[in-house]
Enquirer: 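So that we are looking at the same thing, I have put the structure below in structure tokens.
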Amino acid sequence: MSFSGKKVLVTGGSRGIGRAVVEGFARQGAKVAFVYHSNEEAAQDVITSLAGEGFETVTAHKCDVSKQDEVDALVEKLVEEWDGLDILVNNAGIVKDGLLATMDGNAWHSVLSTNLHSVYYFCHAVTRPMMSQRSGRVINMSSVAAEFPNQGQANYAASKGGIQGLTRCMATELGRRGITVNAVAPGFIETDMTVAVRNAAESEIKKSIPLRRLGRPEDIADAVMFLAGDNASYITGQIITVDGGLTLGGI
Ligand code: NAP
């Protein structure tokens, strides 16, 4: 799979799944711009380590995905510089778990803003340039929690369910312009986001997964790259679950 010369924008590309997505596209020849929020060191590490492998077409951009003015400014700048944009991966996300009865407004609004409103902001900003070039791929990061939420994740499950509805609707609106819109729903992946739960119950979690291992960021990046590649040109409006069988319920 080659993405030679393709222009790719990845949100939350400095750590975890997003980092694996950035690395995957960069190693296949794409120009990649990724967004991070506050961890400069992690962002710089992505650039340095890829440069060490000989891939120097990656840039990091500090931007709060929950702020529409920052998103619009970044997309406008990139589209002008690159003269278009081929692939958008909306990956940035956070968790602020807690039972609904005690969940305060900040936990609700910050998760919805970072995980869901951001996807609207980026999709809204890239739609016109992609429509005028009559091509584009959008891949949104959902979660199995959209359909199989754990207790304490009302905000997170709502944000990921919202992403699935947005994905399907956008696919119906943009298909005739040559743009596909899909989502990936990961299960349990080894990233910073899951450290606390893994520390508490990793072996129990593995027993509930038919493939008997947690997912790696690269497992998700592979699905994202498949959806962005030529072999997925007739797939749109789909949610691809990548969870080692976690949600089959057969254990
Ligand atoms: P992670 O390791 O915690 O990394 C999160 C990334 O998002 C970081 O690059 C972070 O940048 C960025 N980010 C967070 N808030 C941001 C903001 N306001 N503006 C810009 N960037 C922001 O997360 P992950 O586990 O890789 O998860 C990536 C995506 O997959 C998320 O959407 C998550 O919901 C989804 N997902 C993960 C799992 C899992 O098991 N890990 C399962 C299902 C779905 P900074 O470091 O600079 O803040």
Side-chain angles (χ1 to χ4, degrees), residues 1-3 5-37 42-43 46 50 55 57-61 63-66 71 74-75 78-79 82 84-94 114-127 129-130 135-143 159-160 162-164 166-167 170-171 174 179-186 189 191 193 215-233 235-242:
M1 200 175 355
S2 171
F3 289 95
K6 293 286 184 195
K7 305 151 197 166
V8 184
L9 173 57
V10 181
T11 70
S14 54
R15 293 188 287 117
I17 292 169
R19 177 174 179 150
V21 171
V22 170
E23 290 171 341
F25 279 117
R27 289 176 184 140
Q28 298 301 326
K31 287 186 214 173
V32 189
F34 73 84
V35 169
Y36 68 100
H37 183 215
V46 178
L50 280 168
F55 302 108
T57 56
V58 180
T59 53
H61 304 264
C63 165
D64 183 347
V65 298
S66 69
V71 172
L74 174 64
V75 172
L78 283 174
V79 167
W82 279 348
L85 176 71
D86 299 304
I87 298 160
L88 167 66
V89 182
N90 282 305
N91 164 79
I94 57 169
T114 305
N115 296 7
L116 177 60
H117 299 168
S118 64
V119 179
Y120 156 68
Y121 300 149
F122 275 95
C123 289
H124 183 261
V126 306
T127 296
M130 283 186 176
S135 69
R137 296 291 168 91
V138 177
I139 297 113
N140 299 324
M141 202 57 67
S142 182
S143 166
S159 73
K160 296 304 185 179
I163 285 176
Q164 297 195 1
L166 171 63
T167 299
M170 273 186 70
L174 298 177
I179 301 165
T180 68
V181 188
N182 291 290
V184 176
I189 312 303
T191 69
M193 186 177 273
R216 302 179 193 105
E218 294 72 23
D219 294 320
I220 308 305
D222 286 346
V224 169
M225 292 174 72
F226 167 70
L227 289 169
D230 291 343
N231 291 344
S233 61
I235 300 175
T236 196
Q238 302 305 305
I239 317 298
I240 310 290
T241 297
V242 184

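Throughout, residue positions are numbered sequentially from 1 according to the sequence presented.
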Enquirer: For Ser118 and Ser66, indicate whether the former's side chain and the latter's backbone hold a donor-acceptor pair under 3.5 Å.
Expert: no
Enquirer: Where the side chain of Ser142 meets the backbone of Lys160, is there a donor-acceptor pair that is under 3.5 Å apart?
Expert: yes
Enquirer: Is there a side-chain contact between Leu85 and Pro129, using heavy atoms and a 4.5 Å cut-off?
Expert: no
Enquirer: What is the minimum heavy-atom distance between Cys123 and Asn90, and which atoms define it?
Expert: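 Answer, listing the atom of Cys123 first, then Asn90: SG-ND2, 3.6 Å.
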Enquirer: Asn115 side chain to Ile94 main-chain N or O, any donor-acceptor pair under 3.5 Å?
Expert: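 Yes, the answer is positive, given that a donor and an acceptor are paired below the 3.5 Å cut-off.
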Enquirer: So do the side chains of Val8 and Phe3 get within less than 4.5 Å of each other, counting heavy atoms only?
Expert: no
Enquirer: Give me the atom names and distance for the closest heavy-atom approach of Trp82 to Lys7.
Expert: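 Scanning both residues completely, I find the closest heavy atoms to be O-NZ, 3.1 Å.
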Enquirer: Going through the checks in order, is the side-chain contact (heavy atoms from CB on, under 4.5 Å) test met by Leu227 and Thr180?
Expert: CA-CA 9 Å; Leu227 289 169; Thr180 68; over 6 Å; no
Enquirer: Step by step, would you call Val224 with Met141 a side-chain contact (heavy atoms from CB on, under 4.5 Å)?
Expert: CA-CA 9 Å; Val224 169; Met141 202 57 67; 3.8 Å; yes
Enquirer: Any heavy-atom pair between the side chains of Leu9 and Val75 that's under 4.5 Å?
Expert: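 Yes, side chains in contact.
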Enquirer: Hey, does the side chain of Thr11 reach the backbone of Asn91 with a donor-acceptor pair shorter than 3.5 angstrom?
Expert: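 Confirmed, Thr11 side chain pairs with Asn91 backbone.
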Enquirer: With side chains defined as the heavy atoms from C-beta onward, is the minimum distance between Val65 and His37 less than 4.5 Å?
Expert: no
Enquirer: Please name the pair of heavy atoms, one in Asn182 and one in Gln238, separated by the smallest distance, quoted to 0.1 Å.
Expert: OD1-N, 2.9 Å
Enquirer: Would a distance-only check, ignoring hydrogens and angles, find a side-chain to backbone donor-acceptor pair under 3.5 Å from Asp222 to Asp219?
Expert: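 Such a contact is absent between Asp222 side chain and Asp219 backbone.
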Enquirer: Determine the minimum heavy-atom distance between Gly12 and Ala92, stating which atoms define it.
Expert: N-CB, 3.7 Å
Enquirer: Where do Ile235 and Phe226 land on the side-chain contact (heavy atoms from CB on, under 4.5 Å) test, with the steps shown first?
Expert: CA-CA 10 Å; Ile235 300 175; Phe226 167 70; 3.7 Å; yes
Enquirer: Which pair of non-hydrogen atoms, one from Pro217 and one from Ile189, has the smallest distance, and what is that distance?
Expert: N-CG2, 3.6 Å
Enquirer: Give a yes or no on whether the backbone of Leu116 and the side-chain of Ser159 come within a donor-acceptor separation of less than 3.5 Å.
Expert: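 Not a single qualifying donor-acceptor pair exists.
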Enquirer: Taking all non-hydrogen atoms of both residues, which atom of Arg15 and which atom of Ala42 are closest, and how far apart?
Expert: CG-CB, 3.8 Å
